[in-house]
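Right, one structure below, let's go through it.
For the numbers below, each heavy atom of this structure counts, side chains included, while hydrogens, waters and symmetry mates do not.
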Amino acid sequence: MPVLCLSYDAIWRRQSEVADFLELNFSLPERIERAKKSIPDEILDQASAVYDPIDAVLSELPELFVASAKYADILNRLPSQRSAA
């Protein structure tokens, strides 16, 4: 079963490609920027410790691609749920 992978921000830019892949025309709501939140530095530091390494790996992937062995080396560097336990 083919799996289309794409970054959240790419959904609006790549809507026609997603529709082609799904063989389904759809309309997205207008994109609205999220409001900035006031988050304590301690929590931001904790989140950065967890997500910055994940973001670094994801940044090596195209914003839209069909999952395949071509990307396995990159994806295998992502932490798994088992390793987080």
List the atom of Pro53, the atom of Ala49, and the distance in Å for their closest heavy-atom pair. CD-O, 3.5 Å
Are Val3 and Leu61 in one and the same hydrophobic cluster, where Ile, Leu, Val, Met, Phe, Trp and Tyr link if side-chain heavy atoms are under 4.5 Å apart? no
Which distance, rounded to the nearest 0.5 Å, do you find between the CZ of Arg14 and the CG of Asp20? 11.5 Å
State whether the number of non-hydrogen atoms from other residues, nucleotides or ligands found under 6.0 Å of Asn76 atom CG is greater than 12. yes
Would Leu58 and Ile74 count as a side chain to side chain contact (heavy atoms under 4.5 Å, CB included) if you check the C-alpha gap in whole Å, the side-chain angles of each, and the deciding distance to 0.1 Å? CA-CA 8 Å; Leu58 294 177; Ile74 297 170; over 6 Å; no
Please round to the nearest 0.5 Å and tell me the distance separating atom SG of Cys5 and atom CG of Leu75. 7.0 Å
Applying ring pair (Phe, Tyr, Trp, His ring centres under 6.0 Å) to Tyr71 and not counting sequence neighbours gives Phe65
Separation between CZ of Arg31 and CD of Gln15, rounded to the nearest 0.5 Å: 13.0 Å
Sequence neighbours left out, what pairs pass side chain to side chain donor-acceptor pair (under 3.5 Å) with at least one residue falling in residues 34-60? Glu60-Arg77
Using a side-chain heavy atom cutoff under 4.5 Å and only I, L, V, M, F, W and Y, what cluster partners does Phe21 have? Leu4, Leu6, Tyr8, Ile11, Trp12, Val18, Leu22, Leu24, Phe26, Leu28, Leu64, Val66
